[in-house]
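Notes for the one structure printed next.
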Protein chains: 2
Amino acid sequence: MYEDLKYWYLRDHKLFRTLSFGQIRQLCIITGFKKAKKGEIIYFSSSDLPRIFLLKKGNIKIVAVDEDGNETIKDIIQKGDLFGELTLEADSQSNEYAKVLSNDVAICSFLMSDFEDLLLRNPSLALSYTKFVGLKMKRIKNSYSNLISKDAKTRLFQFLKDWAEKEGKKIEDKVVIENYLTQNDIAQIICTSRQTATQLLNEMETNGTIIYSRKEIIIRDISKL
Amino acid sequence: MYEDLKYWYLRDHKLFRTLSFGQIRQLCIITGFKKAKKGEIIYFSSSDLPRIFLLKKGNIKIVAVDEDGNETIKDIIQKGDLFGELTLEADSQSNEYAKVLSNDVAICSFLMSDFEDLLLRNPSLALSYTKFVGLKMKRIKNSYSNLISKDAKTRLFQFLKDWAEKEGKKIEDKVVIENYLTQNDIAQIICTSRQTATQLLNEMETNGTIIYSRKEIIIRDISKL
DNA sequence: AATGATTTGTCGGCTATGTTACAGTTCTAG
DNA sequence: CTAGAACTGTAACATAGCCGACAAATCATT
C-alpha cells in the first residue's frame with residue numbers, strides 16, 4: 001500500500017509517465033517523503049547524499065546566499081516541478097536552500113545515484129530527461145536575458161505575464177493569481193530593489209492594469225501587458 | 001580514409017572518447033565538414049535539419065538578434081566545443097547565428113536525429129551527455145548571475161580571468177591571451193556599452209594591471225584580478 | 001600609397017535605479 | 001486584544017553607466 005503511494009507520486013510527473021510500475025519500483029527509493037509548513041527552510045545541496053526532489057504540493061523558492069550574505073532568489077518551484085541536483089552532479093559549493101512559501105508543502109525525493117541507474121537502464125527516459133534539462137536551460141537563458149536587457153518595468157510585466165500563464169485562473173476576461181509572494185520576493189525575482197517594485201506595482205494599480213492585494217493579483221487585460 | 005578522418009574528428013572530443021570505432025560509425029554522418037574565414041556568418045538554427053556542431057579549429061561567437069534588431073553575444077565557442085541545438089530540441093524562433101572570429105575555422109556537424117539514435121543505443125553516453133548539458137547550464141547560470149549582481153568593472157575582471165584561464169599562456173609570471181575580440185565584442189559579452197569597456201580597459205592599462213593591444217592582452221599578475 | 005572602413009579614445013549630459021530613512025499598515029502569536 | 005514583527009508606501013539624494021557626438025588611430029583593399 002505504501003509502495004503504491006510512492007508509485008503514484010512519481011507516476012504523476014510527466015517525465016515518468018512512460019515508465020512501467022516495475023521500472024518505477026527500480027527507482028524504489030522515494031526514501032524521503034516530507035511535509036513542511038510556511039516559512040520552513042529545507043536544505044538540499046548540503047544534504048548527506050545528493051538527491052533530486054519533486055514538489056507534490058505547494059510552492060517554494062530556491063534561495064542562494066553569496067559570500068557577502070546577500071540572498072537571491074534563484075527559482076520559484078511549483079507543484080509538479082523537480083528541483084535539486086538536476087544536473088546529476090553534486091555541487092558542494094552552491095549555497096542554496098529552499099524556503100516554503102505556501103501554507104504547506106509535500107515533497108518527495110530520491111537519490112541521485114538511484115536515478116542514474118534508472119537512466120542507464122532506460123535510454124529513452126535518459127533522452128527525455130536530457131531534453132527536460134535542456135528545456136530548463138533554455139528557460140533560464142531566456143529569463144536572464146530579460147533581466148539583463150530590459151528595464152525594471154518591462155521585467156515586472158514579463159514576470160506577471162509568465163506567472164499568470166503558469167498559475168493564473170481565467171475568470172471572465174480577467175486573470176486571477178493567488179499571491180503567495182511578498183513585494184520583496186517579487187523585487188528579488190525581477191532583480192530590483194523592493195522600493196522600485198512597490199512603486200511600479202502601485203503605478204500599475206492606479207493605471208488600472210492590475211488589482212493588487214496580499215492575497216491575490218488580478219490582471220485586467222492580460223493582452224495589455 | 002575519409003571515413004577515418006571523420007572518426008578522429010569526433011573521437012577527439014572528450015564526450016566521445018569512450019565510444020568504439022563501430023559506435024562512432026553509427027553516428028556515421030558527419031555530413032558537414034566545413035571551413036570558413038574571418039567574418040563569415042554561419043547560420044545554424046534556421047538550417048534545414050537541426051544539427052549539432054563541433055568546432056575543430058578557431059573561435060566563433062554566437063550572436064542573437066532580438067525583435068528590435070539588437071545584437072547580443074550569447075556565447076564564445078572555442079576549439080573543441082560543441083554548439084547548436086544542444087538541448088536536442090529544434091528551436092525555430094531563436095534567431096541565432098555564428099560569426100567567425102579567428103582567421104579561419106573548421107567545423108564538423110552531425111544531425112540531431114542521428115545523435116539521438118546514438119544516445120538511445122548508448123545509455124552511458126546519454127548520461128554523460130546529460131551531465132554535459134547540465135554543466136553548461138551551471139556555467140550559464142553562473143555567468144549570468146555575475147552579469148546581474150556585479151558592476152561593469154567586476155564583470156570585466158571576471159571575464160578576463162576566465163578568458164586567461166581558458167586560453168591564456170603563462171610566460172614567466174605573466175599571462176598572455178591572444179586577442180581576437182574587439183572592445184565592442186568584450187563590451188557585449190560583459191553587457192555594457194562600448195565606451196564603458198574602453199574606459200575600463202584603459203584604466204587597467206594605466207594602472208599597470210594589463211597591457212592591451214589589438215593582438216594580445218597581457219595580464220601582469222592574474223592573482224590581482 | 002591612398003582611401004574608406006573599422007576600431008578606439010574622450011567628453012558632458014541624462015536617466016533609471018539603488019540607497020537611506022522613516023511612517024503607515026497588516027499580519028501573527030501569545 | 002495587544003505588542004511586536006513583517007510588510008508596504010513615499011520621498012530626497014547619489015551615481016553608475018547609457019547615449020550622442022566627434023576625433024584620432026589603425027586596419028584592409030585596391
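Letters go in sequence order (proteins before strands), and every chain restarts at 1. Small disclaimer: the values here were computed from a predicted structure and weren't measured.
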Exercise. Give the C-alpha distance, both sets of side-chain angles, the deciding distance and a yes or no for side-chain hydrogen bond (donor to acceptor under 3.5 Å, both in side chains) between A/Asp162 and A/Gln158.
Key: CA-CA 6 Å; A/Asp162 291 348; A/Gln158 188 60 48; 3.1 Å; yes
Quiz item: What do the steps show when you test A/Asn146 against A/Ile190 for side chain to side chain contact (heavy atoms under 4.5 Å, CB included), and what is the final call?
Solution: CA-CA 9 Å; A/Asn146 265 331; A/Ile190 64 171; over 6 Å; no
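Remark: C1' of D/dG17 and CD1 of A/Ile148 are 15 Å apart, rounded to the nearest angstrom. Distance A/Asn184 CG to D/dA5 P: 18 Å, rounded to the nearest Å. When the P atom of D/dC18 is taken as reference, atom NZ of A/Lys150 falls 16 Å away, rounded to whole Å. The separation between A/Gln183 atom CD and C/dT26 atom P is 12 Å, rounded to whole Å. In this structure, the CG atom of B/Asn70 is 13 Å from the P atom of D/dC18, given to the nearest Å. Look at CZ on A/Arg155: it is 13 Å from P on C/dA16, rounded to the nearest Å. In this entry the distance linking OH of A/Tyr180 with P of D/dC7 reads 16 Å, nearest Å. Distance B/Asp185 CG to C/dT8 C1': 13 Å, rounded to the nearest Å.
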Between N or O atoms, less than 3.5 Å apart, protein on one side and nucleotides 26-30 of chain D on the other: list the pairs.
none

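Across the interface with DNA chain C, nearest-nucleotide mapping of B/Leu181 and A/Lys153 shows B/Leu181 to be the residue nearer the 5′ end.
At least one donor-acceptor pair closer than 3.5 Å links the side chain of A/Asn179 to the backbone N or O of A/Ser213. Not one N or O on the side chain of A/Glu167 forms a donor-acceptor pair closer than 3.5 Å with the backbone of A/Glu178.
Residues B/Thr192 and B/Leu156 form no side-chain contact, since every pair of their non-hydrogen atoms from C-beta on lies 4.5 Å or further apart. Looking at heavy atoms from C-beta onward, A/Ile76 lies in side-chain contact with A/Lys61 at the 4.5 angstrom threshold. A/Leu88 has its side chain out of reach of A/Val133: every pair of non-hydrogen atoms, C-beta onward, lies at least 4.5 Å apart.
Across A/Lys56, A/Lys38, A/Lys57, A/Lys35, a single residue satisfies salt bridge (charged side-chain N to carboxylate O under 4.0 Å, His left out) together with A/Asp104, and that is A/Lys57.
The stretch residues 193-212 of chain A touches DNA chain C through A/Ser193, A/Gln195, A/Thr196, each having a heavy atom within less than 4.0 Å of the strand.
Every stem involving DNA chain D, taken as at least 3 paired positions in a row under the Watson-Crick or G-U wobble test at 3.5 Å, is listed here: C:1-30 with D:1-30.
Classified by interplanar angle (parallel below 30°, tilted 30° to 60°, perpendicular above 60°), the ring pair A/Phe83/A/Phe53 is parallel. Ring planes of A/Tyr43 and A/Tyr97: tilted class, angle from 30 to 60°.
A side-chain donor-acceptor contact under 3.5 Å links A/Asp151 and A/Thr154.
Closest to the side chain of A/Thr192, out of D/dT8, C/dT17, D/dG17, is C/dT17.
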